[in-house]
Amino acid sequence: MSIADAGAAERAVAGFRARFGRPPTVLVRAPGRVNLLGGHADYNDGFVLPVAIDRAAWLAATPAAEPRARVVALDLEEEVTFPLDPVPDRRGDWADYPRGVAWALGKWGGHLVGMDAALASGVEIGAGLSSSAAVEVAFAWAWRSLSGLDIGRTELALTCQRAEGEYVGVRCGVMDQMASVWGRAGHALLLDCRTLEVTPVRLPPSVAILVIDTAVRRRLAASEYNRRRHECEEAVRLLSRHLPGIRALRDVSPDEFARLRHHLPPLLRRRARHVVTANSRVLEAVAALSAGDVARVGEAMRRCHESLRDDYKVSSPELDLVTETVWREPGCYGARLTGAGFGGCVVALAAESVVDRLIGVVERAYRDRFGRLPVVIVCRASDGVAEQNSPGVLRSPGAG
Ligand code: GLA
């Protein structure tokens, strides 16, 4: 377990006891993620290749007699209580995530028990590591356990996505929630965002996953994100005049795109080109990983970043400097921005033997250009959401 994970687990349990004066019934861990490939492909029904990481949201919880949730966010030192029947409208604060999950589970047909809960997270907020999906999945899993809901993993991920899209108001794809739910230690996940089929793909053990946080938080991320999504829908609408029956950019092959792209205005042409090429990069990388060819995976990551930078326009000067710096370093296979972009983190794959040198190089380059240091963490691929054993927690994990 990473130090960040262990710290968050301890904070959740101790914080719960301090606030509620008794031990929690369950302790749930839901991881954040990086996406090695497949940027902005999920809401286009495409393929993505995320990895659940060893940084997670931890939720200590116990059932309450009244139909309401009382949640302490330990990292923010804030507490919120809201009714479950009905769940009130969104407020625009952090508690929209648990409210949204309660709302979406209700829509799914779940009858939720009241809950006292303490939340601590080892996933940096706004860094592109899916801190929000981790929180959603942690709450959904806690309610699933405490209310005895018969909801499968994929359905739970979809319910959390619905919470974020329809309640919180960010029309995200399903990658982050699926990664948090289906993560597998030592593996990336090939996710087909149309069929929702998940295939774990083993990562070579000598390859390190580095996350380099530019420490620049996303500006206008939600509105720009929704705009990208709308642009893709518009491209589908225009292309469907020539390709009847297409539902998403997933349905447009590179050849068809080359033949029909002049039907799109320049901006939509660039956005669509990113998505159409993204799918083949993911499949190429999965084949390369299976053949143990990490260099080819890295090359696909590099092309992905260039495409996100030039066609999709979601990079930033900080993300570009970090990627360009590590691309040049021997032993670094590849790197790209992770998450939605507009700030946040770069994910890099590198030989374990060069990690220390790489960190030094990227820190120097970043400080020289921006006058401050990035935060670099080395991550491991981890398992998806589960109840955890911990001293001071009443219930040991059941099947699930
Ligand atoms: C955010 C969204 C995901 C996905 C990525 C971009 O993380 O929540 O659904 O679209 O951006 O790949």
Side-chain angles (χ1 to χ4, degrees), residues 30-53 55 57 96-97 100-101 123-137 154 157-183 188-194 196 198 211 213 217-233 248-250 271 274-279 281-282 285 300-301 304-305 307-309 311-316 319 336-347:
R33 63 96 194 91
V34 288
N35 56 325
L36 296 183
L37 281 165
H40 292 265
D42 56 353
Y43 53 82
N44 289 297
D45 277 7
F47 296 98
V48 290
L49 191 67
V51 177
I53 56 175
R55 303 285 189 286
D96 279 347
Y97 294 107
V101 167
V123 191
E124 189 67 32
I125 295 175
L129 301 176
S130 282
S131 55
S132 52
V135 168
E136 291 155 14
V137 169
T154 294
L158 287 169
T159 306
C160 291
Q161 181 201 18
R162 183 171 186 192
E164 187 144 352
E166 293 180 33
Y167 187 91
V168 179
V170 179
R171 297 179 60 215
C172 64
V174 76
M175 169 176 70
D176 304 347
Q177 292 81 2
M178 285 292 274
S180 189
V181 155
W182 284 108
L189 305 170
L190 169 62
L191 168 62
D192 179 334
C193 297
R194 173 164 284 166
L196 298 179
V198 184
V211 174
D213 187 351
R217 290 300 167 250
R218 297 172 289 172
R219 292 169 291 254
L220 292 176
S223 55
E224 282 296 321
Y225 184 91
N226 286 347
R227 176 172 312 155
R228 291 299 178 285
R229 193 165 173 160
H230 178 75
E231 288 163 353
C232 291
E233 286 162 359
L249 286 175
R250 151 76 172 266
R271 304 293 192 253
H274 167 73
V275 177
V276 170
T277 54
N279 284 326
R281 278 190 295 268
V282 173
M301 290 170 77
C304 177
H305 185 82
S307 173
L308 286 166
R309 180 190 67 196
D311 279 346
Y312 222 64
K313 295 259 187 269
V314 294
S315 190
S316 70
L319 291 165
R336 56 165 294 233
L337 67 85
T338 187
F342 315 105
C345 294
V346 164
V347 57

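Only this structure's heavy atoms are used, side chains among them; waters, hydrogens and symmetry mates stay out. Numbering of ligands and ligand atoms starts at 1, following listing order.
- Contact atoms of ligand 1 toward Gly173: 9 (O) (distance under 4.0 Å to a heavy atom of the residue).
- Ligand 1 is approached by Gly339 to a heavy-atom distance shorter than 4.0 Å.
- From the protein, the heavy atom lying nearest to atom 1 (C) of ligand 1 is Asp176 OD2, 3.7 Å.
- Which parts of ligand 1 touch Tyr225 is read off a 4.0 Å heavy-atom cut-off, strictly below it: atoms 1 (C), 2 (C), 3 (C), 4 (C), 9 (O), 10 (O), 11 (O).
- Atoms of ligand 1 lying under 4.0 Å from at least one heavy atom of Met175, given by number and element, are 4 (C), 5 (C), 12 (O).
- Stacking of Arg281 on the aromatic ring of Phe47 is not recorded, the 6.0 Å distance cut-off and the 45° axial limit not both being met.
- Using modelled atom types, one side-chain atom of His40 and one backbone atom of Ala340 make a donor-acceptor pair closer than 3.5 Å.
- Atoms of ligand 1 found under 4.0 Å from any heavy atom of Cys172, numbered from 1 in the order shown, are 2 (C), 8 (O), 9 (O).
- Of the possible polar contacts, none joining the Asn44 side chain to the Gly46 backbone as a donor-acceptor pair under 3.5 Å is found.
- Atom 12 (O) of ligand 1 has as its closest protein heavy atom His40 N, 2.7 Å.
- Using a 4.0 Å cut-off between heavy atoms, Arg33 contacts ligand 1 through its side chain alone, with no backbone atom that close.
- Any N or O atom pair closer than 3.5 Å counts here, and Ser130 shares no such pair with ligand 1.
- One N or O on the side chain of Arg217 and one on the backbone of Ile125 form a donor-acceptor pair closer than 3.5 Å.
- Those atoms of ligand 1 with a heavy atom of Asn35 less than 4.0 angstrom away are 12 (O).
- Using a distance-only test at 3.5 Å, with no hydrogens or angles considered, a donor-acceptor pair links the side chain of Thr338 to the main chain of Asn35.
- For atom 4 (C) of ligand 1, the closest heavy atom belonging to the protein is Asp42 OD2, 3.3 Å.
- Near Tyr43, meaning under 4.0 Å from any of its heavy atoms, are these atoms of ligand 1: 10 (O).
- Those atoms of ligand 1 that come under 4.0 Å of a heavy atom in Gly39, given as number and element, are 12 (O).
- Atom OG of residue Ser130 and atom CD of residue Glu164 lie 8.5 Å apart, to the nearest 0.5 angstrom.
- Contact between Phe342 and Arg228 at its shortest, heavy atoms only, is CE2-NH2, 4.1 Å.
- Side chain of His305 to backbone of Val346: no donor-acceptor contact under 3.5 angstrom is found.
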